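A, B, ... follow the sequence lines: proteins, then strands. Residue 1 opens every chain. Everything quoted here is computed from the prediction, not taken from an experiment.
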There are 2 protein chains.
Amino acid sequence: MPEPLGEFQRRMLEFIVNYIRREGMPPTNREIGKAMKIASTGHVDYHLSMLEKRGYIIREAKKSRGIKLTRHPWGIPVEGTIAAGEPIEIFSEPDQTIEVGHGVDPENSFALIVRGQSMIEDHICDGDYVVIKRQRTCENGDIVVAVHLVEGTPGKATLKRFFLEKEQVRLQPANAELEPIYIPRDEWDREWEIQGKVIAIVRHYGGSGRAA
Amino acid sequence: MPEPLGEFQRRMLEFIVNYIRREGMPPTNREIGKAMKIASTGHVDYHLSMLEKRGYIIREAKKSRGIKLTRHPWGIPVEGTIAAGEPIEIFSEPDQTIEVGHGVDPENSFALIVRGQSMIEDHICDGDYVVIKRQRTCENGDIVVAVHLVEGTPGKATLKRFFLEKEQVRLQPANAELEPIYIPRDEWDREWEIQGKVIAIVRHYGGSGRAA
DNA sequence: CATTGACTCGAATAGCCGTTCTACTCTTGA
DNA sequence: TCAAGAGTAGAACGGCTATTCGAGTCAATG
């Protein structure tokens with residue numbers, strides 16, 4: 001839906017989102033101007049009208065702080081689905097978000113929808129949302145999103161428990177029907193990458209219409 | 001922490017919370033006055049200073065819409081814990097909240113912390129938060145909070161799947177080690193009450209410090 | 001070169017906003 | 001009865017706010 005933005009307007013929108021997240025209210029035009037080093041309030045108004053025209057915000061005329069975001073500032077994007085052994089399917093337009101509250105840093109988190117039963121014994125089910133915190137490292141026992149790089153680009157991705165063992169890394173599913181993956185240390189270092197670890201899961205029951 | 005409020009100020013705070021929820025920004029003093037049928041802006045200021053003194057809001061001097069809530073408007077209260085067959089333990093001070101986003105009506109929802117393994121086969125674990133929508137009725141197969149009334153007051157409470165059968169109600173745990181509870185229809189009508197049904201669960205992994 | 005579109009400034013304006021002050025009415029309790 | 005406290009109204013003030021206007025810069029396009 002929204003047209004892409006230029007660098008400046010993208011930073012301006014980012015400031016507005018962060019301000020709302022921090023202060024609990026939208027900024028005034030003057031506060032935006034100050035933060036963006038814009039001298040004229042008319043100038044701020046101009047860029048805001050651009051943001052509005054392109055569908056990123058809605059303004060309420062004449063109201064102080066009359067800016068509304070068209071997306072919820074506390075939502076984190078649902079970037080795709082993950083199924084054991086398949087590449088992550090990235091939604092081309094990650095429009096959907098789920099809201100998880102202040103405790104999760106939205107800058108460094110995202111969500112995936114779980115497909116399949118590979119983590120069922122850890123009680124992560126088909127259809128659950130897993131909230132992932134982006135990080136390159138993890139500790140033994142963490143549930144992580146690990147991807148196998150094929151010639152430098154992401155190939156297969158998988159949701160598994162991580163265990164660093166003497167000579168190898170073990171990626172352990174939570175399903176007795178599935179075998180763990182064993183990866184020699186050097187191959188791990190060369191060909192694998194951790195995208196993040198699971199910090200929460202959210203499950204919705206029934207058609208409660210909880211799309212964000 | 002917060003002192004109790006009089007009826008008027010309680011309604012005023014409620015208006016502010018709902019306004020923020022609806023508009024994404026706090027109301028101005030004049031908007032509050034209009035909604036509360038207060039003629040004078042000084043009068044509104046007076047009540048706001050009361051709310052601030054009692055710890056319900058924080059005001060930023062001179063800033064338009066400079067009202068912040070000390071509790072998150074999207075949080076729903078974590079009212080206690082529920083374990084199969086035990087009464088719900090109600091927290092005397094339900095200070096904790098979890099944030100679940102716009103889709104859940106905070107007026108008619110609350111959360112409980114699950115204790116024990118009675119719903120483990122439905123992949124609801126010890127420590128999970130279950131989000132409950134308050135309702136007196138439910139459909140077959142719903143996971144509900146059902147309480148056994150002892151002389152009109154809540155006694156045992158339980159988290160189970162509800163099935164209405166010919167002559168009886170069956171409350172079905174999701175754990176092979178536990179037996180379902182069968183309740184004759186007339187006893188059900190007389191002595192039992194549904195407090196709500198599970199619409200979501202939230203699970204936090206590790207010490208990610210996600211208290212609200 | 002002329003034109004267009006995107007972007008920038010400074011100034012002005014009309015109205016909105018939080019705050020303060022004075023004055024008044026109740027109710028409660030000493 | 002008197003005093004104190006909570007609640008109400010009205011008016012006024014200084015600053016804040018969104019918006020508009022006129023004028024200008026700069027880069028790309030024809």
Q. Taking NZ, NE, NH1 and NH2 as the nitrogens, is one of them in B/R10 or B/E7 under 4.0 Å from a carboxylate oxygen of the other?
A. yes
Q: Quickly work out the A/I57 CD1 to D/dA18 C1' distance and round it to whole Å.
A: 13 Å
Q: Side chain of A/Y46 only, please: which of D/dT17, C/dT19, C/dC7 is the nearest?
A: C/dC7
Q.
Quick check on D/dC16: is either OP1 or OP2 less than 4.0 Å from any side-chain nitrogen or oxygen of A/R30?
A. no
Q. Between atom CD in B/E60 and atom P in C/dT19, what is the gap in whole Å?
A. 11 Å
Q: Could you pick out which residue, B/F8 or B/K63, lies toward the 5' side of DNA chain D when each is mapped onto its nearest nucleotide?
A: B/F8
(Q) Nearest whole Å is fine: how far is C/dG18 C1' from A/M25 CE? (A) 13 Å
Q: Please evaluate the base of C/dG18 for a donor-acceptor partner in the side chain of B/R59 within a cut-off of under 3.5 Å?
A: no
Q. Would you say D/dA18 has OP1 or OP2 under 4.0 Å from some side-chain N or O of A/N29?
A. yes
Q: Grab the CD1-P distance between A/I32 and D/dT17 for me, whole Å please.
A: 11 Å
Q: Go through D/dT20, D/dG7, D/dA9 for me and flag the one nearest to the A/D45 side chain.
A: D/dT20
**Q.** Candidate nucleotides C/dC9, D/dG10, D/dT17, ranked by approach to the side chain of B/S40 - the nearest
**A.** D/dG10
Q.
Looking at B/T41 and C/dG18, is any side-chain donor or acceptor paired with a base atom of the opposite kind under 3.5 Å?
A. no
(Q) Looking at A/H47, I'd like to know whether one of its side-chain N or O atoms comes within less than 4.0 Å of OP1 or OP2 on C/dA6. (A) no
Q.
Tell me whether the count of non-hydrogen atoms from other residues, nucleotides or ligands lying under 6.0 Å of CD in B/E139 goes above 12.
A. no
Q: Whole angstrom is fine here: how far is it from CD1 in B/I38 over to P in D/dA9?
A: 7 Å
Q. Within this structure, what is the CZ-to-C1' distance between B/R65 and C/dC17, rounded to whole angstrom?
A. 9 Å
Q) Is A/Q9 touching bases, backbone alone, or none of the nucleic acid, heavy atoms closer than 4.0 Å? A) sugar-phosphate
Q) Do A/R22 and A/E31 sit within salt-bridge range, that is, some charged N less than 4.0 Å from a carboxylate O? A) no
(Q) Which nucleotide wins on minimum distance to the side chain of A/T28, given the candidates D/dT19, D/dG10, D/dA18? (A) D/dA18
Q) To the side chain of A/S64, which of D/dG10, D/dT17, C/dG18 is closest? A) D/dT17
Q: Measure the distance from NE2 on A/H43 to P on D/dT20 and round it to the nearest whole Å.
A: 16 Å
Q. Hey, would you say the B/W192 and B/F162 ring centroids sit under 6.0 Å apart?
A. no
Q: Please report, rounded to the nearest Å, how far the P atom of C/dC7 is from the CZ atom of A/R11.
A: 13 Å
Q) Do you know which of A/L159, A/V198, A/D126 makes side-chain contact (heavy atoms from CB on, under 4.5 Å) with A/V114? A) A/L159
